[in-house]
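All of these numbers come straight from a predicted model, not from anything done at the bench.
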Amino acid sequence: MDYLEHLNEPQREGVINTEGPCMIIAGAGSGKTRVLTMRIAHLIQSKNVDPFNILALTFTNKAAKEMRDRIEGVVGTEARNLWMGTFHSIFARILRTEADKLGYPSNFTIYDTDDSKSLIKNIVKEMGLDDKVYKPNGVLNRISGAKNRLISWQEYLRNPIYKADDESAMKPELGNIYRTYVDRCFKASAMDFDDLLFNTNVLFRDHPDTLNKYQQRFQYVLVDEFQDTNISQYLITKKIAAVRQNICVVGDDAQSIYAFRGADIQNILNFEKDYADLRIIKLEQNYRSTQNIVNAANSVINKNRAQLKKNVWTSNDIGDQIELLKATSDNEEGKLVASSIFEEKMHHQLTNNDFAVLYRTNSQSRAIEEALRRMSIKYKIIGGLSFYQRKEIKDILAYLRFVINQNDEQALRRIINLPKRGIGTATVDKLVVAAYDHELSLWDVISNIGQFIGGRSANAITQFATMIKAFKVETERKDAFEASSYIAKNSGLLRELYEDKTIEGLSRYENVQELLNAIKEFVVNPENEDKSLGAFLQEVALITSVDESDKDNMDAVTLMTIHMAKGLEFKNVYVVGMEEDLFPSQMMLSSRADLEEERRLFYVAITRAKRRLYLSYALNRYRFGRLKTCEPSRFLEDVDPEYIKVNKLSRSRDLQVSTNSNLGYTKNFINSVKQPVNQPTRKIHRPSADFVPSDISKLAEGMKVEHAKFGFGVVTRMDIQGANKKAKVNFENHGEKTLLLSFAKLKILS
DNA sequence: GCGTAACCTGTTTTT
DNA sequence: CAGGTTACGC
């Protein structure tokens with residue numbers, strides 16, 4: 001057991017005390033993951049526990065995979081038999097095997113947030129309610145909140161408090177929407193994210209024999225990131241561990257940042273009350289950061305009232321002070337960060353991988369990206385729009401989903417007229433009415449359409465039904481890759497994308513090919529026994545943007561939200577946008593609890609840094625298309641001044657405004673390109689400034705432009721032809737295109 | 001049914 | 001700003 005030698009005393013305790021309930025409070029950077037992996041390795045190696053009897057719940061699929069790999073390094077391939085994954089993926093798996101007990105088929109669909117929202121939208125419309133009052137987002141939040149607290153629609157309707165609440169909010173129908181929503185999900189053989197947990201609770205509540213089966217199987221239960229579990233998740237673990245009481249939770253109340261998703265910090269604060277003989281272990285030594293960073297972080301978190309007592313310290317060197325960067329605008333902030341990264345790289349021989357830029361909201365990445373690109377610093381963005389959330393991918397997946405489960409209403413609505421086959425909204429409405437009148441499913445109506453409606457669209461529907469039936473036959477015979485290739489081709493989706501020769505059309509086509517590659521990989525992977533399309537869909541439903549980690553080994557600066565940064569560390573960290581209303585977010589200013597959660601988020605951001613930390617804010621920022629003046633965040637005052645210095649003041653002069661700065665076509669750009677032009681041409685001088693936004697109409701025939709930038713990329717050369725209408729444009733990444741330019745703006749880069 | 005243009009509106013984080 | 005929705009002409 002030589003691995004125990006490298007652990008400090010509390011860490012060792014956390015590893016070897018495997019029996020009975022245990023809570024490990026692990027301060028930031030205290031080697032939590034190490035303890036957890038060693039504990040599991042210890043169980044397998046020294047206590048001879050079969051990996052099959054260990055349940056380890058993590059926060060992301062990626063964390064599970066990493067931990068499994070590390071355990072495999074210690075105990076070997078045996079580790080593959082561990083039950084390790086997110087709450088959602090583990091219990092989705094269990095629900096599939098036990099589905100019949102809840103009246104679900106085992107091939108049930110998992111609705112993502114978009115599916116849920118559009119279903120709610122349909123329901124609100126069908127109930128004849130005002131969708132301005134019952135906004136899908138708000139309604140879903142309400143339903144989700146209820147499910148996370150294990151409140152069924154029956155209880156919701158019965159509870160006078162909710163009723164009064166909803167009535168005073170002028171939304172008395174919320175309970176009825178909840179009821180209809182649950183009913184429709186059930187009829188669609190679908191579960192949303194919250195149902196995966198809610199229904200697991202129902203399963204264990206109503207089927208003691210099933211609960212007992214899993215209690216026997218999971219002799220050891222471990223929960224990582226315990227501070228971010230909600231009540232529903234907590235009760236599941238509590239039930240499973242009820243017999244053997246071998247439950248170990250690991251977390252840090254100071255890093256609880258998911259209350260908006262139902263996470264309840266009380267789970268960790270009250271854990272002691274549930275287990276009388278609880279062993280509490282505190283990991284307080286930080287191995288990650290300099291003293292300055294640890295102390296600064298402590299000075300911030302101590303402003304919070306709700307917390308467990310602990311004393312995080314480090315024996316690392318003192319390190320540099322935190323630097324505060326101040327910029328005049330968001331673009332200036334980007335420049336400051338980019339040039340700081342450039343300098344740091346030079347002075348300290350660092351690689352791009354040593355840097356991370358963290359922000360509160362995804363939209364903040366734009367200015368940073370632009371600045372990094374200009375300085376030719378490679379970067380990667382983690383999070384944001386996931387590959388699987390792209391429209392073209394969701395379209396294909398909707399086909400696949402529907403072929404597997406014909407009850408899947410949301411998938412059907414998505415594909416029934418895609419590509420266009422003459423089945424418009426009016427026809428779909430008729431279908432819905434017919435299904436409702438005869439108490440049939442939409443698919444029943446569609447596959448026997450002749451009995452319900454006639455006319456032109458009936459023909460199109462028959463063709464659609466025939467096609468789906470053919471796809472079904474294919475999937476039964478073939479593996480996931482062959483089946484999905486067949487469907488992509490024969491649905492007409494692939495052809496439609498192929499025929500779209502615009503730059504985005506091209507990338508959409510490539511994305512679909514990419515999806516097919518992923519399915520191929522799934523089929524080829526020997527770890528996957530079931531190679532059917534159904535098995536693939538089951539896996540894909542719970543993939544999130546963090547899990548798409550093919551960017552892992554490239555040398556690039558990491559850009560992400562602070563939420564995504566949980567559990568990661570970097571030598572140098574920049575926290576940008578330290579402005580009041582942005583961070584803390586204006587939505588979180590209403591209650592003390594919310595403000596404290598924002599402060600914990602700030603704490604998480606600070607503690608990601610190993611060596612150097614920069615905080616920055618801008619005095620002006622574009623938000624919702626408007627330029628706003630900003631004030632420094634109140635959180636800056638929470639940092640003890642001893643640990644911070646104001647280092648760089650922006651030297652910048654004017655605010656520089658850019659248009660068409662995104663990659664990809666912007667709507668305004670497309671509109672401007674489309675317009676016919678009759679503008680007089682004028683000569684312009686080659687600009688000497690850093691860059692100037694320039695009107696295309698100022699460009700004259702025969703003029704050449706170099707190093708300019710358009711809506712969709714960097715221009716290497718541009719020849720203006722004819723009276724200002726056409727230009728041959730050579731793009732860095734997209735080759736040559738002939739475009740109508742008219743009113744479009746471009747930026748001339750220096 | 002479909003395509004277009006004008007209008008409207010959200011404005012946090014994500015399993 | 002950008003994405004979604006609606007009204008309208010074909």
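Checking side-chain atoms of A:R599 against main-chain N and O of A:P584 turns up no donor-acceptor pair under 3.5 Å. Distance alone, capped at 3.5 Å, places no donor-acceptor pair between the A:Y574 side chain and the A:S616 backbone.
Here B:dT12 presents its P atom at 11 Å from CZ of A:F260, a figure rounded to the nearest Å. Between A:D195 atom CG and B:dT15 atom C1' the separation is 13 Å, expressed in whole Å. Remark: C1' of B:dT12 and CD of A:E579 are 15 Å apart, rounded to the nearest angstrom. Atom OH of A:Y258 is separated from atom P of B:dT15 by 6 Å (rounded to the nearest Å). Separating the CZ atom of A:F59 from the P atom of B:dT13 is a distance of 15 Å, rounded to the nearest angstrom. The CE-C1' distance, from A:M560 to B:dT12, rounds to 17 Å in whole Å. As a whole-Å value, the separation of A:E225 CD from B:dT13 P is 20 Å. Atom-to-atom, CG of A:N137 to P of B:dT9 comes out at 15 Å; the value is rounded to the nearest Å.
Using a 4.0 Å heavy-atom criterion, one finds that A:K135 contacts the sugar-phosphate atoms exclusively. Residue A:S363 is out of contact with every strand shown, counting any heavy-atom pair closer than 4.0 Å. Among the heavy atoms of the strands, none lies under 4.0 Å from A:R623. Residue contacts shown for A:K391 are absent, as no nucleic acid heavy atom lies under 4.0 Å away. Looking at heavy-atom distances under 4.0 Å, A:N61 makes no contact with the nucleic acid at all.
Comparing B:dC2, B:dG1, B:dT15 against the side chain of A:N417 picks out B:dC2 as the nearest. Comparing B:dT12, B:dC2, B:dT15 against the side chain of A:M587 picks out B:dT12 as the nearest. If you check B:dG3, B:dG1, B:dT15 against the side chain of A:H88, the one that comes closest is B:dT15. Of the listed nucleotides (B:dT14, B:dT12, B:dT9), B:dT12 has the atom at the smallest distance from the side chain of A:M588.
For A:S457, no side-chain nitrogen or oxygen approaches OP1 or OP2 of B:dG1 to under 4.0 Å. Neither OP1 nor OP2 of B:dT15 sits under 4.0 Å from any side-chain N or O of A:N230. Between A:K566 and B:dT14 there is no side-chain N or O to OP1 or OP2 distance below 4.0 Å. In this model, the phosphate group of B:dT12 is not approached by any side-chain N or O of A:N362 to a distance below 4.0 Å at OP1 or OP2. Distances shown here put every side-chain N or O of A:T113 at or beyond 4.0 Å from the OP1 or OP2 atom of B:dT14.
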- Item | Audit row: A:H563, A:Y359, ring-ring contact (aromatic ring centres under 6.0 Å, His included) steps and yes/no | CA-CA 9 Å; A:H563 280 90; A:Y359 35 78; over 10 Å; no
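Judged by a 6.0 Å distance limit and a 45° cone about the ring axis, A:K566 is positioned over the six-membered ring of A:F59.
The pair A:R600-A:E597 meets the salt-bridge criterion, since a charged nitrogen lies less than 4.0 angstrom from a carboxylate oxygen.
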